[in-house]
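Working notes, beginning with the structure itself.
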Amino acid sequence: WYQRSAATTSGHTASHEHTVLPRTMGFREAFLVVADLAAVFLFAGIIYGWAPLQDILIKEGFYHDLCTDGKAEPCEAQHTALNRAFTMATTAVAVTGLPGGAFVDKFGPIVASAVASMLVVLGLLGVSLCKVFGSTQFDVFLLSFVVLAVGGTITLFCGYAKAFLFPQRCTLLIELTSCLFDASCIIFPVFKMFYDTGVKFEALFGIYVGLAVVTYALLLVAWGMNRQKLIESRSGGGGSGGDGESHGHQSDSGGLQNLPLGKQFCTFHFATILIFAAIQMTRANLYLGVVDFVNAQIGENSGMSKDKLSSFTTIIGLIIPQGWLAVPLIEMSIHHLGVCGTLQVTTAVGILYNALQLVPNLAVQVINAGIFAAFRAFLYSIVTAFIAETFGPATLGRIMGVCNLSAAVVNQVQPVLVHMSLTTYNGNFTPLNVGTIIASLPLFLICGILQLKQRKQTAPQDTGIRQYSRTYSHGTAGGAACHVNAAMRIAEIERALLDREPQQQQQQQLAVA
């Protein structure tokens, strides 16, 4: 979907006789943008607000039947079962990245939004009713949470597809979609605030199911109102020549962007980002899965009451979605240090939050939640920026999908590590945090080797494209879109120089005469 749309954008803009696009949105277009962004914010990434939801689930007695032999609740088996559900959901997000994008590409965002709406509604209904229909043999909550995660992922892909209907605002809409996806993990912290005031669990999710039905119904209506615009975009802008120049810009950038996908997979650059994504995305999911356990351990050791500990959980849950505040720092880092340098910065920030988790003080953990929020924003931004700048937009989606799949495979160690921390180490997560710090250290060496290789191999003509790409690197397709813009800008400069050559020759002939 992106490749066709980006090609269309390139073809329109590079042509001297391009179609002039309207600078203002009509009601139908604005309605689609608002409805889609609302769906992304409300449902796309809500599973990542796990810590407050887990606190609610424990109070509701989810998996309490696993606490046998008179064990006090919550017990290790209950914690392990809950963490397994979160691990499976985050793994499902990574695994469905590649097929989900292909599904949107093949059937379009209208069909995909309808499928996403059914998955989200079914997932929320399952969570709200799992205490009625669930059992030890039939884990309704786990299945429902995974279905909810897959529906949110497809919702996100539809959000990115929407952006390419508006070439003049494509980068802005990609940025908004990415930020709202990151911010959507604030939903469950808000749930906890209402839950702590006495609102029933069933009432919260019942209202949320109704909100999902209304939101997706409006989204489908909005897509229907813009169906013709969608058809024109998918067919190459009504025959205005997008496909003929689909990847012409790649010849300007040279290097790895000209290689076929199979050869890109065989490069050290791909190995670097594959290992980086697999380790760092797993670490990010691990923090979200255990932060509640770590803080509970700190609170119990300091004699803190459960109510006060619950308040800290709510505060931290509200801080984690604020990673969008780090976007200026990300842009500054990429601009001054480049994408490889920012990989190193991301690793350093990751080690910092892991080290601060070793400090047995909840006030420090509140500050640490802000550092983790910045790390998560750095992580997903720089992975996308690196892939877009290094391999180009033609293979962006597939390489990102492979990186997500690798992260999903490594993510399977999470339940084992959490279970070991709860049982073998009696709820002590210090060995886990030390282990994740050690696992991150080789990334400094790997990225350092890549930096040395790039300093030897980078050609001067690549500088212009990198400078443009660093400006718009945040967001899944933002980096790719900037390559199209950069290539078109370079083409314009070349045409201007060619136009000036005859004038300069005439001036030289007159001077000789």
Side-chain angles (χ1 to χ4, degrees), residues 35 37-67 73-74 78-79 81-83 85-86 88-89 116-136 138-152 155 180-181 183-220 288 292 296 305-321:
L37 292 178
V40 169
F41 173 67
L42 290 172
F43 307 105
I46 57 174
I47 66 165
Y48 293 103
W50 172 249
L53 176 63
Q54 181 178 239
D55 193 45
I56 295 174
L57 298 176
I58 290 174
K59 291 179 180 178
E60 286 292 311
F62 278 61
Y63 300 112
H64 70 93
D65 53 316
L66 298 177
C67 299
E73 299 180 20
Q78 185 180 14
H79 280 310
L82 286 168
N83 187 264
F86 174 71
M88 294 300 293
S117 66
M118 289 187 289
L119 293 175
V120 169
V121 170
L122 286 174
L124 292 175
L125 278 174
V127 173
S128 63
L129 299 175
C130 60
K131 290 200 299 181
V132 178
F133 299 104
S135 64
T136 305
F138 183 44
D139 197 340
V140 176
F141 174 74
L142 186 149
L143 293 174
S144 301
F145 207 57
V146 169
V147 169
L148 178 62
V150 174
T155 300
L180 290 176
F181 169 76
S184 64
C185 61
I186 202 173
I187 298 298
F188 287 142
V190 173
F191 269 38
K192 188 176 184 303
M193 293 174 61
F194 283 104
Y195 182 81
D196 290 341
T197 63
V199 180
K200 297 295 184 181
F201 177 84
E202 293 78 7
L204 280 172
F205 274 88
I207 294 172
Y208 201 34
V209 169
L211 180 61
V213 171
V214 172
T215 302
Y216 279 103
L218 292 174
L219 177 59
L220 291 173
L288 294 171
D292 203 23
S305 67
K306 290 186 177 180
D307 290 339
K308 190 172 182 180
L309 179 60
S310 179
S311 299
F312 271 100
T313 300
T314 302
I315 293 171
I316 290 173
L318 293 171
I319 292 174
I320 289 175

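Source: prediction; values computed, not measured.
Of all heavy-atom pairs spanning S144 and G126, the tightest one is OG-CA, 3.1 Å. Residues L219 and A39 come closest through the heavy atom pair CD2-CB, 4.0 Å. The shortest heavy-atom contact between Q78 and C67 is OE1-SG, 3.7 Å. F201 and L57 make their closest contact through CE1-CD2, 4.0 Å (heavy atoms, listed as atom of the first residue, atom of the second, distance). Pairing each heavy atom of P189 with each of P52, the nearest pair is CG-CG, 3.6 Å.
For S128 and Y208, the side-chain atoms include no donor-acceptor pair closer than 3.5 Å.
Residues satisfying the ring-ring contact (aromatic ring centres under 6.0 Å, His included) criterion with F312, sequence neighbours excluded, are absent altogether.
The distance from atom NE2 of H64 to atom CD1 of I58, rounded to the nearest 0.5 Å, is 13.0 Å. In this structure, CG in D292 is found 10.5 Å from CG in L53, a value given to the nearest 0.5 Å. S311 contributes atom OG, which lies 14.5 Å from atom NZ of K306 (distance to the nearest 0.5 angstrom). Between the CG atom in N83 and the NE2 atom in H79 there is a gap of 10.0 Å [rounded to 0.5 Å]. Interatomic distance, CD1 of I186 versus CG of L180, reported as 11.5 Å (0.5 Å rounding). Taking OG1 from T313 and CD from Q54, the interatomic distance works out to 9.5 Å, rounded to the nearest 0.5 Å.
For residues 184-195, the pairs satisfying side chain to side chain donor-acceptor pair (under 3.5 Å) are D55-K192, E60-Y195, K192-D196, K192-S310, K192-T314, with sequence neighbours left out.
By the 4.5 Å heavy-atom criterion applied to side chains, V120 and T215 are not counted as neighbours. L142 places a side-chain heavy atom less than 4.5 Å from the side chain of Y63. Under the 4.5 Å side-chain criterion, counting only non-hydrogen atoms from C-beta, F181 is not in contact with T155. Side-chain contact between L148 and L119: absent, with no pair of heavy atoms (C-beta onward) separated by less than 4.5 Å.
Taking the six-membered ring wherever Trp is involved, the centroid distance between the rings of F205 and F191 falls below 6.0 Å.
The residue from D139, V140, I47 that alone fulfils the side-chain contact (heavy atoms from CB on, under 4.5 Å) condition with F145 is I47.
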**Request:** Decide side chain to side chain contact (heavy atoms under 4.5 Å, CB included) for F43 and L124; before the verdict, give the C-alpha distance in whole Å, the side-chain angles of both, and the deciding distance to 0.1 Å.
**Result:** CA-CA 10 Å; F43 307 105; L124 292 175; 4.1 Å; yes

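Ring pair W50/F141 is tilted by interplanar angle, where 30° to 60° counts as tilted.
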